[in-house]
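The structure under discussion appears below in the form of C-alpha cells.
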Amino acid sequence: MEIAPSDFKKFNDLLKIVKINIEDFDEFLSLNPHIYRSIRGHAFEVWFDREMKERNVAITSVGGDNVVDRVINKKTLQLKTTYIKATIAGKMVGYRMHKTHGAEVKPYCYYKKNEFADFLVGLHPTDGVIICPRQYLPTRGEVSKKLDYPECLADPLPFDWNTKWLNRYDLLGVDIKDYPTIVEHSRSETKYFPKLISKIGFTDFDIIHAIIDEKNFRIWFQLIVGTIREFHFYKFAQTHGINLSQPKKLSTRGNQKVDYVLDSGTRIQVKGLTKGMSSDKILGCETQGSHGRVPNRLYQKTDFDFIAIVIDPNTIHVDTAKKLNIITEDYNFVILPISKLHKHPRSKEWGAEYIKSSFLFKADEVEYNRFELLK
DNA sequence: GGTTATACCATTCATAGTTG
DNA sequence: CAACTATGAATGGTATAACC
C-alpha cells in the first residue's frame, strides 16, 4: 500500500520535532516494548480499515476514550490483537480483556458483557480475524467453575484456534468471501521499519498511519515524545561522560520507579513537562505513576535520588533562553535531587514519605544542563 | 515445580471533584 | 471561582502470590 506523499511529509515533520532520523527511530521503537505493543494494536486497526475499504465496506473510526473502536453497519466493534502468553499456535488464541486503570482490582478490572462493544474483532495469527458477538464471549464462569464473578468476561479471553467465530463477516452484514489475513510482506512495504516490523508485523503504511492519526494521541504525544526524552537524556549524558544503565538489580519497586542508574548506584527518574501546566514563565511537571490511586500511585521520597526533567526543543521562551544562555532549539535538562520535591501533606496518614503528584517552577529560577551533578 | 490468577506497570493528557 | 488534587484514559505486558 502506497503512503501518500502528504502523509509521509506529516510523519517526517514529526520526526524533525523530536530530532531523530528514521533509522534510529526504527531501532528506538523496536527496543521499547511499551511503545511497540501500542503501535501493534493501532496498526491492526489501520490494517483492518484498509482491508475493509478495499472490499468496499464502510467502516468508521470512533476516537476518544471508548470501548468502541470501529463501526460497521451500526454494529460497534472493539479490535484486539492477541495476548501472546495466552496464544498457542494450532491450539488456542487469547486476548487480554481487563480494564487497565482505576482500582485495578476485581471485580472492577473486569468487563461485564453489557459494557462491551457489540463484537470483538480479534486478530488471528494466521487465519484472519475472529468476529464474535458480545453475548458469546466466554465469561469467567464458563472458563472455570472455580472463579468468582462468573458473569464477568474472562481475562485472558480464550478461543479455540479453529473457532467457529473465525471470519464471521456475515454477522456484520457484509459480504466478504476472500478473508484478509496478515501475511509476510514484500520488502518494498517494510523498508522504513525493518526492526519494528520484525517484532510486531504489519507494514510501513500501517505503522506510519497509526502514528500520525491524531486520534491515537497516546502513541505520539505520550509514548513516543515522552520516551524519546529518555533517549535524548541518555545521549547527552554520554557526551558528558556519564554512563546510564537500566535498573535491574534493584527491588521490584526500584525497577519500576527508576529509569536509569549511574555506576555509583544513584537512581534517576526521567520526566517531561506537562503541557497543560506550563506557560512561558512557569513550567509544570507531573511526578506520579500512571496507574492506580493515591497513595499507591505516588512516588515515595526513597524511590529515586534525582529527577531529570527533559525539556523539549522550543519550549523555553526565547527571551528566557537568551537570559539564561541556553539554546531553546535544543533539548534542555533540569536535574534536581528528590529532596527538592515537595512532601505530600497526607504522608503521615499513609505511613510513608510521599511526594506530591506535580510541581511548578519558574523557568528562569532553575539551572540547566548541569550534568556535573551526576558525577 | 509448573500453571494460573491477581495486582501492578510504561508514557502524559484530560477532566471531575475538592478545597481554600 | 481559581487553584489544586485525584482519578481515569489507549495500547497490552510482567512480577509474584496462590494454587494444585
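Every chain is numbered from 1, with letters handed out A, B, ... down the list of sequences. Bear in mind the structure is a predicted one, so any value in this text is a computation, not a measurement.
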Go through it in stages, so that I can follow the logic: the residues are Lys74(A) and Asp118(A), the test is salt bridge (Lys or Arg N to Asp or Glu O under 4.0 Å), and I'd like the CA-CA distance, side-chain angles, deciding distance and then a yes or no. CA-CA 10 Å; Lys74(A) 296 187 181 167; Asp118(A) 297 337; over 6 Å; no
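Residue Arg297(A) places a side-chain atom within donor-acceptor reach of the base of dG8(C), judged by atom type and a 3.5 Å distance cut-off alone. Not a single donor-acceptor contact under 3.5 angstrom links the side-chain atoms of Gln256(A) to the base of dC8(B). Taking 3.5 Å as the limit, the base of dA9(C) and the side chain of His101(A) contain a donor-acceptor pair of atoms between them. In this model, a side-chain donor or acceptor of His291(A) finds a partner on the base of dC9(B) within 3.5 Å.
Ring pair Phe205(A)/His209(A): centre-to-centre distance below 6.0 Å. Ring centroid separation for the pair Tyr136(A) and Trp165(A) comes in under the 6.0 Å cut-off.
Within 4.0 Å of Asp213(A), counting heavy atoms only, lies no atom of the nucleic acid at all. Residue Ile224(A) is classed as having no contact, given no heavy-atom separation below 4.0 Å to the nucleic acid. As judged by a 4.0 angstrom heavy-atom cut-off over every strand, Lys99(A) is placed among residues making no nucleic acid contact. Residue contacts for Thr274(A): at a heavy-atom cut-off of 4.0 Å it reaches the sugar-phosphate backbone alone, with no base atom in range. Contact annotation for Asn32(A): no contact, since no heavy-atom pair falls under 4.0 Å across all strands. Residue contacts shown for Gly276(A) are absent, as no nucleic acid heavy atom lies under 4.0 Å away.
Among the nucleotides dG13(C), dC13(B), dT11(C), the one closest to the side chain of Lys275(A) is dC13(B). Side chain of Lys271(A), nearest nucleotide from dT16(C), dT6(B), dT12(B): dT12(B). Out of dA9(C), dT11(C), dA10(B), the shortest distance to the side chain of Gln78(A) is found at dT11(C). Closest contact between the side chain of Ser144(A) and the listed nucleotides dA5(B), dC8(B), dA10(B) involves dA5(B). For Thr252(A), taking side-chain heavy atoms from C-beta onward, the closest of the listed nucleotides dT16(C), dA9(C), dT6(B) is dT16(C). Closest to the side chain of Glu104(A), out of dC8(B), dT7(C), dT11(C), is dC8(B). Here dC13(B) is the nucleotide among dC9(B), dC13(B), dT6(B) with the atom lying nearest to any side-chain atom of Glu286(A). In the set dT6(B), dC9(B), dT7(C), the nucleotide with an atom closest to the side chain of Lys106(A) is dT6(B). Each of dA7(B), dA10(C), dT6(B) was ranked by its minimum atom distance to the side chain of Arg96(A); first place goes to dA7(B). Side-chain proximity of Asn296(A) to dA6(C), dC13(B), dC8(B): nearest is dC8(B).
Lys91(A) places its NZ atom 11 Å from the P atom of dT3(B), with the value rounded to the nearest Å. Taking atom NZ of residue Lys199(A) and atom C1' of nucleotide dT11(C), one finds them 17 Å apart after rounding to whole Å. What separates CG of Leu298(A) from P of dC8(B) is a distance of 14 Å, to the nearest Å. Nucleotide dT6(B) holds its C1' atom 17 Å from the CG atom of Leu153(A), rounded to whole Å. Taking atom CG of residue Asp155(A) and atom P of nucleotide dA5(B), one finds them 10 Å apart after rounding to whole Å. Rounded to a whole Å, the CG atom of Asn255(A) is 11 Å from the P atom of dA10(B). For the pair Glu349(A) CD and dT5(C) P, the computed distance is 14 Å after rounding to whole Å. Rounding to whole angstrom units, CE of residue Met92(A) and C1' of dT3(B) are separated by 13 Å.
The shortest distance between the side-chain N/O atoms of Arg293(A) and the OP1/OP2 oxygens of dG8(C) is below 4.0 Å. Side-chain nitrogen and oxygen atoms of Arg218(A) include none within less than 4.0 Å of the OP1 or OP2 phosphate oxygen of dA14(B). For the OP1/OP2 pair of dA7(B) and a distance below 4.0 Å, the side-chain nitrogens and oxygens of His98(A) include no atom meeting the criterion. For the OP1/OP2 pair of dT6(B) and a distance below 4.0 Å, the side-chain nitrogens and oxygens of Tyr110(A) include at least one atom meeting the criterion. For the OP1/OP2 pair of dG12(C) and a distance below 4.0 Å, the side-chain nitrogens and oxygens of Thr81(A) include at least one atom meeting the criterion. Here Arg140(A) does not reach the OP1 or OP2 of dA5(B): none of its side-chain N or O atoms lies under 4.0 Å away. Taking only side-chain nitrogens and oxygens, Lys257(A) comes nearer than 4.0 Å to OP1 or OP2 of dC9(B). An OP1 or OP2 oxygen of dC9(B) is reached within less than 4.0 angstrom by no side-chain nitrogen or oxygen of Arg253(A).
Mapping Tyr83(A) and Gly292(A) onto DNA chain B by nearest heavy atom places Tyr83(A) closer to the 5' end of the strand. Residue whose closest nucleotide on DNA chain C sits further toward the 5' end, between Gln222(A) and Lys356(A): Lys356(A).
Atom NZ of residue Lys53(A) and atom CD1 of residue Ile59(A) lie 7.5 Å apart, to the nearest 0.5 angstrom.
A parallel orientation is assigned to the rings of Tyr331(A) and Phe333(A), their planes being inclined by less than 30° (bins at 30° and 60°).
A cation-pi contact links Arg96(A) to Tyr83(A), judged by a cut-off of 6.0 Å to the six-membered ring centre and 45° from its axis. A cation-pi arrangement is absent between Lys340(A) and Phe361(A), since the terminal nitrogen or guanidinium carbon is not both under 6.0 Å from the aromatic centre and inside a 45° cone about the axis.
One side chain, Ser61(A) or Arg70(A), offers a donor N or O that lies under 3.5 Å from an acceptor on the other.
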